[in-house]
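Everything below concerns the one structure shown next.
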Amino acid sequence: MSSLRQVQFLLGKDLRIELRKKESLVSMAFFGALILVMLNIASGIGKQVAAENGAGILWVAIIFSSVLGLGRVFAREKENGCVAALLISPISAGEIYAAKALVNFTLMCLSELVLVPVFYVLFGAQLSFAPLSLLPILLLVNLGFSTTGTLISAISAGTRRNEVLLPILLFPLILPLTVLAVKATTAALAAKPFAIVLEQLEPMAAFCIIFTTAGYLLFPFAIRED
Amino acid sequence: MSENSPFLSISGLCKSYGSRVALRGIDLDLQRGEFLCLFGPNGAGKSTLLKIIATLLRPNAGQVRVQGYDLKEQPEQYRSRLGMVSHQSFVYQDLTVLENLEFYAALYGVEQPRQRALQLLEQVNLADRYDMPAANLSRGMQQRLTIARALVNDPALLLLDEPYTGLDEHAASVLREQLQILHDRKRTIIMVTHNLRRGMESATRLGILARGKLVYLQQKEAVDPSTFEQLYFRHLEAL
């Protein structure tokens, strides 16, 4: 059976559970929106925010809320030893990694469908709405975050302090991606030409390639017991 | 591979967890269709041995060959014909009984996964609970679902780690029945347990594992069931 079909089965199973329980998605969207509301109150309701601050606020909400989803995807596999069932099945560790990263990527995209409009409602009065510039930034961060996060959540899922260890290990690793995303988003929110956004997108794409490859290669060691 | 070559061949298998030695050089050959029951006290290395055969753990030394192939070569192909019942159910609590079996059947590349899942539910008497979330099943029913899950790919090699633990009489009889069907169809089975009575019921070969060593291995016909318990304790005390 093709690898793609096996990834599809695993992805389909995870999304089916998520759509039924809505545990990760609701908590991600709710927590992210809560952060945006708190930062809106802190910066003064109705006050104008600069593009730099706006970009920082958006990414704080997305990154912090996305960690909730990451932890849950692997915690579900740990229940009843289901991860062992996957490891003794014909699916390879690389295929498990691809499926889990795709689940995280999908959850991030869906939560951003809520968070980006909330951000614009709360902070967007003076900011440029540039969906074509913002979309590639969001997709690249989602890709980089989900691939790196999948590896780290597999490592931390095997420990007793999973919830604490995951952000401690993950945030330093994705710092370069976050910094580049904030710069690119600042340019997009300030309605600067796309060429300026593109300058940040290129290293972001490089980050994604490096971390996706590293994640794929290291995942079999992270997920095994020995 | 010749006709007489063993289906499963284990040689010099060693495994340590840090300074604690779990297996000290296990050698074992099994022919296709044999049903080996390994007895041993807690910490004897029974689960470790099964985990290595299932490719969940890597040995520190030694080799496991199945049908002539080293487990390290083409593990995915080997695993497609492997089944395992462990201490844990391997069942997704948020999926229904049917969805669980259908998912595993699809993952193993079974043709018509839904039909296979429904067939197995009939076999383990869970057909009337097909749409129930696995989380809502009783312990015995969960165990029956676990047995069905392990059989989803019609395994050539079935590994059972204390499968009778927590089973009610009904679930135990379902398991016995399924094991008999598999044995009649020449499937190779390895079961580890410390329940001597249950283990002796269906096995064709009996072994005793103690302190990481296979200290006894014999065909069941050569063993007197009435004295096996004494023999078992004698081997444990000798170490």
Side-chain angles (χ1 to χ4, degrees), chain A residues 1-27 69 72-100 103 107 154 157-158 219-226, chain B residues 15-18 22 47-48 50-60 71 74-96 99-100 102-111 113 133-135 142 145-146 149-150 152-153 155 157-159 161:
Chain A
M1 193 171 48
S2 77
S3 296
L4 207 61
R5 291 277 290 163
Q6 287 179 316
V7 171
Q8 189 193 325
F9 289 134
L10 201 47
L11 175 68
K13 183 267 295 173
D14 278 349
L15 292 181
R16 177 183 281 186
I17 293 176
E18 184 51 45
L19 287 175
R20 186 169 295 164
K21 306 297 281 188
K22 296 181 187 71
E23 284 173 343
S24 303
L25 205 52
V26 170
S27 56
R72 191 67 205 128
V73 166
F74 260 98
R76 197 175 284 135
E77 293 296 345
K78 287 279 170 180
E79 284 169 10
N80 295 332
C82 292
V83 72
L86 295 181
L87 289 172
I88 59 166
S89 78
I91 194 167
S92 71
E95 288 157 3
I96 299 172
Y97 174 73
K100 293 295 170 189
V103 173
L107 291 179
F219 188 76
F221 302 98
I223 202 169
R224 292 182 69 93
E225 266 185 62
D226 51 354
Chain B
K15 177 71 185 172
S16 303
Y17 300 99
S47 297
T48 300
L50 282 198
K51 281 182 178 178
I52 290 173
I53 299 172
T55 72
L56 281 172
L57 285 177
R58 270 181 290 246
N60 298 110
L71 275 201
Q74 301 174 312
E76 281 93 14
Q77 204 179 324
Y78 158 69
R79 291 198 298 250
S80 68
R81 297 303 310 277
L82 173 75
M84 187 177 191
V85 173
S86 160
H87 296 289
Q88 292 172 299
S89 66
F90 296 170
V91 159
Y92 292 97
Q93 300 286 349
D94 297 325
L95 292 180
T96 66
E99 284 168 345
N100 262 294
E102 214 178 334
F103 164 68
Y104 280 111
L107 202 64
Y108 278 90
V110 173
E111 282 178 32
Q142 290 234 7
L145 178 59
T146 303
R149 187 210 54 77
V152 83
N153 57 335
L157 174 62
L158 182 64
L159 307 174
D161 192 353

Under the side-chain contact (heavy atoms from CB on, under 4.5 Å) rule, what do R20(A) and D94(B) come out as? Steps first, then yes or no, please. CA-CA 8 Å; R20(A) 186 169 295 164; D94(B) 297 325; 5.7 Å; no

Chain A interface, residue from M84(B), E99(B), Q77(B), H87(B) that has the most non-hydrogen pairs under 4.5 Å: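 Winner by heavy-atom pair count: E99(B).
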
Between V91(B), T146(B), N153(B), who has the most heavy-atom pairs with chain A when the cutoff is under 4.5 Å?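 When all of V91(B), T146(B), N153(B) are compared, V91(B) has the most.
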
Please list, chain by chain and in numerical order, all residues satisfying side chain to side chain contact (heavy atoms under 4.5 Å, CB included) with S16(B), sequence neighbours excluded.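 In terms of side chain to side chain contact (heavy atoms under 4.5 Å, CB included), with neighbours along the sequence ignored, S16(B) is linked to V21(B), N60(B).
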
Applying side chain to side chain contact (heavy atoms under 4.5 Å, CB included), can you list everything that pairs with V83(A), at least two apart in sequence or on another chain?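 So V83(A) forms a side chain to side chain contact (heavy atoms under 4.5 Å, CB included) with E77(A), K78(A), I223(A).
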
Walk me through it: do R149(B) and N100(B) pass the test side-chain contact (heavy atoms from CB on, under 4.5 Å)? CA-CA 8 Å; R149(B) 187 210 54 77; N100(B) 262 294; over 6 Å; no

Check each atom of Y17(B) against the heavy atoms of chain A and say whether the ones under 4.5 Å are side chain, backbone, both or neither.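 Neither the backbone nor the side chain of Y17(B) comes within 4.5 Å of chain A.
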
Chain A contact via F103(B) - which portion, at a heavy-atom distance below 4.5 Å: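 Contact with chain A involves the side chain of F103(B) alone.
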
I need the residue from R16(A), R76(A), K13(A) with the largest number of non-hydrogen atom pairs under 4.5 Å to chain B.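 When all of R16(A), R76(A), K13(A) are compared, K13(A) has the most.
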
Please determine whether a side-chain nitrogen of the Lys or Arg among R5(A) and E95(A) lies less than 4.0 Å from a carboxylate oxygen of the Asp or Glu.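 The answer is no: the pair does not qualify as a salt bridge.
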
